[in-house]
Amino acid sequence: MHRWSQLFIPTLREAPADAEVASHKLLLRAGYIRQLGAGIYSYLPLGQRALNKIVAIVRQEMDRIGQEFLLPTLNPVELWQESGRESVMGQNLFHLKDRKGAELVLAMTHEEVITSIARNELRSYKQLPQVWYQIQTKFRDEPRPKGGLLRVRQFLMKDSYSFDMDDAGLDVSYRKHDDAYRRIFTRCGLDFVAVEADSGAMGGSGSQEFMVYTEAGEDLIASSASGYAANLEKATSKLAPVQDLEATGDGLPELVSTPGKAAIADVTEFFGIHASQDIKCVAFMGSRTGQAASEPLRPVVAFLRGDHQVNETKLNAIAGTAELRPMLPEELELYIGGPAGYLGPVGIAQGMTQGSLNGLKSGKPLDRVKGIFRDVPTEGLKTIVVMDLGLEGRANLVAGANKQDFHLRNVTPGRDFTPTVIADIRNINEGEPDPFAGEPLRLGKAVEIGHIFKLGTKYTESMGSRALNAAGKEVTPIMGCYGIGIERILTAAIESSAAAFAKLTTDDAKLKTQPDSNATGSQGSRTPEPSYALPAAIAPYAVVVTITNVREAPLLEAGERIAAELDAAGVDTLLDDRDERAGVKFKDAELIGIPYRINVGKKLAQGQIELVDRLTETTIDLPLDQVAAHLKALTTSKP
RNA sequence: CGGGGCGUAGCGCAGUCUGGUAGCGCACCUGCUUCGGGAGCAGGGGGUCGGAGGUUCGAAUCCUCUCGCCCCGACCA
């Protein structure tokens, strides 16, 4: 039991002007954190207590599936050069020199270090599988830290790594993490979704992000009532069938003069068609990560339905590029053969021949496409033509003719042009049916709290980790890597709760204003103070016992006794024994986000106290002898 | 890195345009009153006006340079 009068809890009535998002303001006002620099924060006692509770839950669940390490943050740069990530990570990796001039980096993740241990120690299949984890400070020189603790340059991460002899083993390790993560986030009281994610710069096959919907988030995710959920970078949808146009004339592509009709809206109006019956062309020049300026850019041309949008992450994955920029007019002429506004797939100057691609024409053999495009840029490679799945099997579409002021109709993919590859390269739209159950998709911002990843042999291969299998044959262990942002669990919990409170107060305001038309208007335009409450499992204290007036001896004595009883019952208790007015103490208790408050006040004369449940915004009276048992039941988390 | 904004007491701000003794609210200290929703009255402490240079009799204010922070974008296991 801690006494508020002796603690350092510097609450603020007003948030510093720099704070924008709710969790940032509240963490500052509640005395959880103070800022030291851009993306650098000190955790004050309350913040540290909350983080410690989260860490304890994470550790408890991780110990069920793995073993804890503590790896060094200070890494010799050579280690990162060996894996090739020193250049890949670029400026995001902090660099420094020691007194001898040797270059060091501050680790932003630990694949390299853990693999260096694995390659020295893991020699036999008998030693596998292994799941190794740590909870440790990570450093990333973010280009733009923001949102308080949401994106920072120094933060706590639980990272783990699995080593298995084969894919089946990796599946097991991955599944164990999936289960552990769900238990962890559930115990932390978060309402989360697990989404399919893009593999990004990590490389590898499967990956899943754990997200919490919040306006403060930086990612866009799609989910539906059926349980389907995916990052927008990966999300797909089932498209409603489109009625194709009737063929005109001899059914072959027909040149139509369309002077000045460059925009899709103009074209569809001119032909009297829907945008879904038109082919849109989006053309890029792509480059690879760390590509030298001297290396030629890769032309990437995407065709998709007129009413669809390109998703550049998906397109990058297909084209084996990392960055795309729009083609310049002369590039359009060179690689497509037409002017902007009249670009189309028919007769496109496609350098990738049937032969060079070994008949890669559908989305299926993507890995082989990646193999060609990513690792062995083909000599004389010209335009990569990617057609979106939304055009597959369609007929008699309208498209640019690659000729100023002309379009073609009766364009049928497969017959009139052959894309290099057919793949999903579009953004889904809100409300489209999900790919499995057909439930409408909801798009929303979310914050990523965890990520699990089937890594493969990227590091074990490049860093030379090998183990002998039962047959005495040398194999490369397969890795998985898995991360949880500790601070993000805290911020996500605050953001979610603050949003729920904000909704309550606005609903409340609506209720109040509706029936009472002659109200005095006192609610005015003042925005309600943001409020929140943390789940008991991660709050710095589960309960605060508020003695409404410490100068009244019976109240003080009862408060002390109740707090001691709670303490004895194992409930993490804060006793507000300050000589302050009751109002101040109520406000402070709410500000620091404690989920349960016991008011020791007037009702003591009847042998009762009030229990305020901040999560449900309800208050009940309880007899003194039931307090400890009641709170213990409320606050005990089940591991 | 591109665009925008802001640096004046612990926090929130005014003062800058038009140069002339650095102010307000909250917080803090003392006293009295008050005591279940951020109390009232009285008194008090606290400032290199982000930093450096310049213009001027005189600079928070004008000029130059610079540092820091926030937001949007780019970027981002």
Side-chain angles (χ1 to χ4, degrees), chain A residues 10-21 24-25 28-29 31 34-41 83 85 88-93 107-112 138-148 150-153 155 157-161 197-204 207-210 216 218-219 231 233 289 312-313 322-325 447-455 458-459 479-485 488 529 531 546-552 555 576 578-591 597-604 609-610 612 619:
Chain A
T11 59
L12 299 173
R13 259 171 111 147
E14 289 176 285
D18 282 348
E20 189 96 345
V21 302
H24 189 195
K25 286 182 186 166
L28 286 166
R29 288 189 55 212
R34 287 294 182 262
Q35 182 171 24
L36 188 60
I40 311 174
Y41 289 87
S83 71
R85 286 211 299 182
V88 172
M89 294 309 177
Q91 300 235 291
N92 270 30
L93 190 59
M108 51 197 295
T109 169
H110 279 79
E111 282 80 6
E112 281 80 1
K138 296 285 186 278
F139 293 86
R140 296 183 184 183
D141 195 359
E142 293 285 346
R144 187 152 92 83
K146 60 177 165 180
L150 278 172
R151 180 165 290 279
V152 289
R153 296 196 289 173
F155 61 98
M157 174 183 269
K158 186 292 297 173
D159 48 321
S160 45
Y161 309 89
D198 181 62
S199 308
M202 291 293 293
S207 118
Q208 210 176 189
E209 289 171 334
F210 293 83
E218 298 180 273
D219 289 276
N231 197 300
E233 295 168 349
T289 307
E312 292 191 22
T313 306
E323 205 171 325
L324 298 167
R325 65 149 173 87
V447 62
E448 178 183 354
I449 52 174
H451 199 160
I452 58 177
F453 211 90
K454 289 184 182 174
L455 196 49
K458 175 170 174 174
Y459 297 92
M479 285 178 71
C481 67
Y482 319 87
I484 290 180
R488 283 193 176 175
E529 266 186 40
S531 190
T546 301
I547 301 171
T548 56
N549 187 343
V550 294
R551 295 176 184 210
E552 290 183 30
L555 297 185
D576 193 349
R578 294 175 298 165
D579 184 9
E580 290 285 353
R581 298 162 62 86
V584 172
K585 297 166 97 167
F586 293 153
K587 292 285 188 195
D588 269 346
E590 283 154 18
L591 183 55
R597 185 174 82 235
I598 289 168
N599 294 340
V600 182
K602 320 186 248 217
K603 290 173 186 165
L604 187 68
I609 53 85
E610 284 168 349
V612 180
T619 302

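Proteins get letters first, then strands, A, B, ... in listed order; numbering begins at 1 in each. Quick caveat: nothing in here was measured; it's all calculated off a predicted structure.
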Within this structure, what is the CD-to-C1' distance between A:Glu448 and B:rA77, rounded to whole angstrom? 8 Å
Confirm from the modelled atom types if A:Arg151 and B:rC76 form a donor-acceptor pair under 3.5 Å, side chain to base only. yes
Would you mind telling me which residue lines up with the more 5' stretch of RNA chain B, A:Asn92 or A:Asn599, judged by nearest nucleotide? A:Asn599
Which residues pass the ring pair (Phe, Tyr, Trp, His ring centres under 6.0 Å) test with A:His110, sequence neighbours left out? none
Taking only the side-chain heavy atoms of A:His451 (C-beta and beyond), determine which of B:rA77, B:rC76, B:rG37 contains the nearest atom. B:rA77
Whole-Å distance, A:Lys138 NZ to B:rC76 C1', equals 17 Å
Sequence neighbours excluded, which residues qualify as side-chain contact (heavy atoms from CB on, under 4.5 Å) partners of A:Pro143? A:Asn92
For RNA chain B, whose closest nucleotide is more 5', that of A:Glu218 or that of A:Val600? A:Val600
Pick out the pairs of N or O atoms, protein on one side and nucleotides 39-46 of chain B on the other, that lie under 3.5 Å.
from	atom 1	to	atom 2	distance (Å)
B:rA39	OP2	A:Arg581	NE	3.4

Provide the distance between the two P atoms, one in B:rA27 and one in B:rU18, to the nearest whole Å. 38 Å
Looking at A:Glu14 and B:rG25, is any side-chain donor or acceptor paired with a base atom of the opposite kind under 3.5 Å? yes
C1' atom, B:rG4 versus B:rU8: distance in rounded Å? 22 Å
Suppose you measure atom C1' in B:rA74 against the same atom in B:rC28; what distance do you get, rounded to whole Å? 45 Å
Where the side chain of A:Met157 is concerned, which of B:rG38, B:rG36, B:rA77 is the nearest nucleotide? B:rA77
Please determine whether any donor N or O and acceptor N or O are separated by less than 3.5 Å between the side chain of A:Arg597 and the base of B:rG37. yes
Separation between the C1' atoms of B:rG12 and B:rU56, rounded to whole Å: 34 Å
With sequence neighbours excluded, tell me which residues meet salt bridge (charged side-chain N to carboxylate O under 4.0 Å, His left out) with A:Glu142. A:Arg151
Answer yes when A:Glu111 and A:Arg85 have at least one side-chain N-carboxylate O distance shorter than 4.0 Å, and no when they do not. yes
Name the pairing partner of B:rG31, where a pair is Watson-Crick or G-U wobble with both distances under 3.5 Å, or state none. B:rC41
For nucleotides 30-33 of chain B, print each protein N/O atom paired with a nucleotide N/O atom at under 3.5 Å, atom names and distance only.
none

Let me confirm one number: the CD1-OG1 distance from A:Ile609 to A:Thr548, rounded to the nearest 0.5 Å. 12.0 Å
For A:Arg153, the salt bridge (charged side-chain N to carboxylate O under 4.0 Å, His left out) test, sequence neighbours excluded, returns A:Asp141
Sequence-distant partners of A:Arg325, salt bridge (charged side-chain N to carboxylate O under 4.0 Å, His left out), two or more places apart: A:Glu331
Show me the side-chain donor-acceptor pairs of residues 581-589 of chain A shorter than 3.5 Å, one per line, residues at least two apart or across chains.
from	atom 1	to	atom 2	distance (Å)
A:Lys585	NZ	A:Ile547	O	2.6
A:Lys585	NZ	A:Asp576	O	3.3
A:Lys585	NZ	A:Arg578	O	2.7
A:Asp588	OD1	A:Thr11	OG1	3.2
A:Asp588	OD2	A:Arg578	NH1	3.0
A:Asp588	OD2	A:Arg578	NH2	3.2

Nearest-Å distance once atom P is located in both B:rC65 and B:rC70: 24 Å
Residues in salt bridge (charged side-chain N to carboxylate O under 4.0 Å, His left out) with A:Lys603, at least two apart? A:Glu610, A:Asp621
The criterion is side-chain hydrogen bond (donor to acceptor under 3.5 Å, both in side chains); which residues satisfy it with A:Ser531, sequence neighbours excluded? A:Arg614
Check every strand shown and say whether A:Pro143 touches a base, only sugar-phosphate, or nothing at a heavy-atom separation below 4.0 Å. base
Pairing nucleotide - B:rG47, Watson-Crick or G-U, each distance under 3.5 Å: none
N/O donor-acceptor pair, side chain A:Asn549 with base B:rG36, under 3.5 angstrom: no
Please evaluate the base of B:rG37 for a donor-acceptor partner in the side chain of A:Glu590 within a cut-off of under 3.5 Å? yes
What is the distance from CG of A:Leu591 to P of B:rG38, rounded to the nearest Å? 15 Å
Donor-acceptor pairs under 3.5 angstrom involving side-chain atoms of residues 13-21 of chain A: please list them, not counting sequence neighbours.
none

If you look at every heavy atom in A:Tyr482 and A:Phe453, which pair is closest and at what distance? CD2-N, 3.9 Å
Whole-Å gap separating C1' (B:rC11) and NZ (A:Lys25): 14 Å
A:Arg578 has an atom CZ; how far is it from atom C1' of B:rG38, in whole Å? 11 Å
For B:rG58, give its Watson-Crick or G-U wobble partner with both distances under 3.5 Å, or none. none
Determine, for nucleotides 66-72 of chain B in 5'-to-3' order, which nucleotides have protein heavy atoms under 4.0 Å from the base (write B), from only the sugar-phosphate (write S), or from neither (write -). ---SSBB
How close or far is atom P of B:rC1 from atom CD of A:Glu142, stated in whole angstroms? 16 Å
To the nearest Å, give me how far apart CZ (A:Arg488) and P (B:rC76) are. 15 Å
If you check every side-chain atom of A:Lys602, which of B:rC11, B:rG36, B:rA77 has the closest atom? B:rG36
Looking at B:rC76, B:rG36, B:rG37, which one has an atom nearest to any side-chain atom of A:Glu610? B:rG36
B:rG68 - base-pair partner by Watson-Crick or wobble geometry, distances under 3.5 Å: B:rC6
State the pairing partner of B:rU18; accept Watson-Crick or G-U wobble contacts with both distances under 3.5 Å, and report none otherwise. none
Looking only at atom C1', what distance separates B:rU61 and B:rU21, rounded to whole Å? 15 Å
Taking any heavy-atom pair under 4.0 Å as a contact, classify A:Asp159: base, sugar-phosphate, or nothing. nothing
On the side chain of A:Arg29, is there an atom forming a donor-acceptor pair with the base of B:rG12 - under 3.5 Å, no angle test? no
Need one value for A:Leu28: base, sugar-phosphate or nothing, where a base atom within 4.0 Å counts as base even if backbone is also close, heavy atoms only. nothing
Applying the Watson-Crick and G-U wobble criteria at under 3.5 Å, what pairs with B:rG25? Answer none if nothing qualifies. B:rC11
A:Arg85 has an atom CZ; how far is it from atom P of B:rC76, in whole Å? 14 Å
Kindly compute the distance separating CD1 (A:Ile449) from CD (A:Glu209), expressed to the nearest 0.5 Å. 11.0 Å
Does A:Arg140 form a side-chain contact (heavy atoms from CB on, under 4.5 Å) with A:Phe155? I'd like the steps, not just the answer. CA-CA 9 Å; A:Arg140 296 183 184 183; A:Phe155 61 98; 3.8 Å; yes
Looking at side-chain heavy atoms only, is the closest gap between A:Phe210 and A:Arg488 below 4.5 Å? no
